[in-house]
Amino acid sequence: MKDFRPVARAALLTALGLMTCLPSASPAQAAVEIAPHRAIYKMSLASSRNNSTVSDVRGQMMFEWADACDGWTIEQRFQLRFQYSEGEQVDMSTNYATWEAKDGQTYRFNVRKLVNGELDEELRGTAEAHADRPGVARYVKPEEQEIELPGGTLFPSMHTIQLLRHAADGDKVFGTTVFDGSDTEGATEINTVMGLRKDLAQDKRFDSRLFHGKIWPVRMAFFPLASDDAAPEYEMGLQLLENGVAQSMLIDYGDFTVAAVLEQIESLPRPRC
């Protein structure tokens with residue numbers, strides 16, 4: 001069976017990275033004002049090349065973000081069913097619970113993955129990141145180990161804060177390393193290209209307080225740091241609103257692509273800190 005951990009990583013980066021609120025650090029940087037929310041996406045096979053063994057993908061992804069005053073807590077669940085051309089069917093279910101400090105320096109993660117109802121992998125640990133020196137990820141599951149993180153590594157929320165700032169400032173390219181805890185490979189290099197901003201078309205299915213404003217097409221390429229391959233492990237396209245809501249996603253594995261389209265969305269309240 002193909003390793004579908006990249007599906008989990010792509011979903012996690014989107015869910016964790018697109019929901020936070022941080023004021024402008026300087027007059028030269030655009031302010032990022034994001035609404036906490038809970039969203040549900042329908043996932044399906046978008047395309048399959050002739051050499052692909054995947055004939056169909058169906059499922060759903062849900063994530064919610066909550067403000068914990070000194071950080072953000074994320075709960076995310078998704079379920080996918082993969083159908084193969086030879087007739088095999090595989091059900092994958094993944095649950096995430098994470099916390100990221102608002103200064104972007106500390107992170108906690110708890111990941112549980114099931115395949116056909118059986119536990120396939122469980123990851124748990126903490127991480128520290130620093131701008132001027134290496135950080136570290138400390139796993140307690142699946143086994144105790146430490147992995148060094150390059151200096152300047154970002155966690156998912158801070159990664160997308162910076163991405164949105166670059167996009168709002170008119171930059172077209174943004175590259176950095178990101179750690180999310182979705183596997184034991186350590187940090188991943190993510191190179192992002194942002195397209196031209198445009199007005200979002202109205203959609204009466206969604207609350208106008210969340211679904212409004214400008215939208216960017218974004219394309220991310222993911223490169224494991226341990227690999228010398230010039231080609232990315234996978235790519236992901238986003239239609240990204242300026243308030244952090246992802247209208248849709250397209251995850252490209254080369255031989256097939258998986259689409260995620262927004263079906264439901266609602267606001268989450270902010271706490272009194």
Side-chain angles (χ1 to χ4, degrees), residues 3-20 22 36 61 63-78 92-115 118-163 174-192 220 222-229 232-234 236 273:
D3 181 359
F4 289 106
R5 286 180 299 176
V7 177
R9 170 177 284 142
L12 178 64
L13 284 170
T14 302
L16 298 185
L18 301 185
M19 291 161 290
T20 184
L22 198 68
M61 178 176 69
F63 63 76
E64 70 173 51
W65 171 86
D67 190 335
C69 294
D70 61 342
W72 302 280
T73 60
I74 301 292
E75 291 189 17
Q76 181 201 13
R77 300 189 298 272
F78 72 89
M92 185 176 71
S93 176
T94 305
N95 297 315
Y96 291 92
T98 66
W99 177 90
E100 180 176 342
K102 288 185 177 179
D103 62 8
Q105 295 186 18
T106 55
Y107 183 63
R108 299 196 296 265
F109 57 94
N110 192 342
V111 184
R112 184 177 173 87
K113 306 176 186 179
L114 304 178
V115 174
E118 300 291 333
L119 181 64
D120 179 65
E121 188 175 27
E122 189 169 10
L123 302 104
R124 184 181 302 167
T126 62
E128 300 173 6
H130 308 283
D132 56 351
R133 64 185 190 277
V136 61
R138 299 182 178 91
Y139 292 82
V140 295
K141 286 188 177 183
E143 61 184 15
E144 291 190 3
Q145 66 170 318
E146 292 189 1
I147 296 178
E148 182 176 293
L149 303 177
T153 293
L154 302 179
F155 301 127
S157 291
M158 188 58 71
H159 171 244
T160 304
I161 294 172
Q162 297 300 330
L163 190 159
F174 173 51
T176 189
T177 56
V178 178
F179 176 81
D180 60 26
S182 64
D183 58 31
T184 56
E185 301 299 320
T188 298
E189 181 181 350
I190 304 178
N191 294 331
T192 304
M220 299 181 184
F222 296 75
F223 299 85
L225 291 184
S227 174
D228 295 327
D229 197 336
E233 182 181 14
Y234 63 100
M236 181 172 66
C273 300

For P134, the side-chain contact (heavy atoms from CB on, under 4.5 Å) test, sequence neighbours excluded, returns E148
Would you mind reporting whether [Y] and [X] have side-chain heavy atoms less than 4.5 Å apart?
X	Y	value
Q162	T176	no
E189	N191	yes
S157	Y107	no
I74	Y96	no
R112	L119	yes
P232	F222	no
T106	F155	no
M220	L163	yes

For [X] and [Y], indicate whether the former's side chain and the latter's backbone hold a donor-acceptor pair under 3.5 Å.
X	Y	result
K113	S182	yes
Y139	D183	yes
E100	M158	yes
K102	W72	no

Residue set satisfying side-chain hydrogen bond (donor to acceptor under 3.5 Å, both in side chains) with T192, at least two apart, ordered chain then number -> none
Spatial distance of atom [atom1] ([X]) from atom [atom2] ([Y]) [nearest 0.5 Å]:
X	Y	atom1	atom2	answer
T188	L225	OG1	CG	6.5 Å
T126	W99	OG1	CH2	10.5 Å
M92	L114	CE	CG	10.5 Å
E233	F223	CD	CZ	10.5 Å
N110	L123	CG	CG	9.0 Å
E75	N95	CD	CG	9.0 Å

Can you give me the closest heavy-atom contact between [X] and [Y], atom names plus distance?
X	Y	answer
T73	A68	CG2-CB, 3.9 Å
L149	E128	CD1-O, 3.8 Å
A187	P150	CB-CD, 4.2 Å
P156	D180	CG-CB, 3.8 Å

Exactly one of E146, E143, E144 clears salt bridge (charged side-chain N to carboxylate O under 4.0 Å, His left out) with R138, and that residue is E146
### Query
Between F109 and F179, is the ring centre distance below 6.0 Å?
yes
